[in-house]
Amino acid sequence: MIISLPMTSENRQRTFLVLEEHYDSQTSLLHYETAFQLLVAVALSAQTTDNQVNKITPSLFSRFPDPESLGKANLEEVEEIIHSTGFYRTKAKNILRAGMMIYKDFGGIVPDSMDDLITIPGIGRKSAGVILHHIYHKPAIIVDTHFGRVMYRLGLTQSKDPGVIEKDIAALFPSDQWSGLSMTANLHGRALCHGRKPKCAECFLAPLCPRQGVVT
Ligand code: SF4
């Protein structure tokens with residue numbers, strides 16, 4: 001196991017820029033056309049893959065295209081459509097309640113603040129961050145399993161706790177880099193910095209990366 005000192009400020013910025021060169025921070029792996037559709041897709045993506053969500057959202061969104069129609073939907077019908085995403089009972093309840101809440105409490109508009117978003121059933125800080133970034137182009141640190149792993153290996157955090165990671169990254173990077181870093185590091189985790197066997201020999205970040213916690 002390699003334990004290294006934290007990166008210098010200069011290397012942090014180089015890391016950010018190199019990631020930006022290699023990945024498009026506007027990439028969304030979930031398919032959607034409206035803010036509400038993204039919110040629903042993100043809520044459904046818990047504990048499953050984006051591909052799995054993308055398979056069922058076309059039929060869900062054509063049947064229930066907006067907050068009002070989904071909020072007033074028949075629960076069993078929604079359960080049947082989203083069944084393959086797992087935890088379908090909880091997810092169906094959440095997205096129905098989310099639709100009704102957005103329809104009644106937010107005038108049918110997906111809110112644009114972290115504080116409001118996390119009051120919506122099925123939406124935690126990570127999901128809220130995805131919406132803030134993709135829909136409202138606001139700064140957000142989006143800590144999922146890929147992002148957390150890459151930040152740890154790069155020595156940018158000493159924690160594996162999402163809340164601590166978010167605070168650590170917030171302290172190390174200016175807010176206008178948060179969303180970009182979140183998306184590009186996430187894509188890097190999927191492309192090269194895999195959970196079990198990171199492809200360090202092929203990695204363009206290798207000269208900058210202390211590979212904290214990587215067993216060779
Ligand atoms: S050098 Fe290895 S551990 Fe570091 S970012 Fe690249 S793949 Fe991940």
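All ligand and atom numbering here is 1-based and tracks the order in the structure. Throughout, numbering of the chain's residues begins at 1 and tracks the sequence.
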*Of all the non-hydrogen atoms in the protein, which one sits nearest to atom 5 (S) of ligand 1, and at what distance?*
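Checked against all protein heavy atoms, atom 5 (S) of ligand 1 sits closest to His188 NE2, 3.6 Å.
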_How close do Leu172 and Leu156 get, counting heavy atoms only, and between which atoms?_
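Where Leu172 meets Leu156 most closely, the heavy atoms are CD1-O, 3.3 Å.
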Are [X] and [Y] close enough that a side-chain donor and a side-chain acceptor fall under 3.5 Å?
| X | Y | result |
| --- | --- | --- |
| Thr57 | Gln37 | no |
| Gln177 | Gln13 | yes |
| Ser69 | Asp66 | yes |

*Quick one: sort the Phe204 and His22 rings into parallel, tilted or perpendicular, breaks at 30° and 60°.*
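Answer is parallel, since the angle falls under 30°.
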*Keeping waters out of it, list the protein N, O or S atoms under 2.8 Å from atom 4 (Fe) of ligand 1.*
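Listed by chain and number, the atoms are Cys209 SG.
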*asked:* Taking the basic N atoms (NZ, or NE/NH1/NH2) and the acidic carboxylate oxygens, is any pair closer than 4.0 Å for Lys91 and Glu79?
replied: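 No salt bridge links Lys91 with Glu79.
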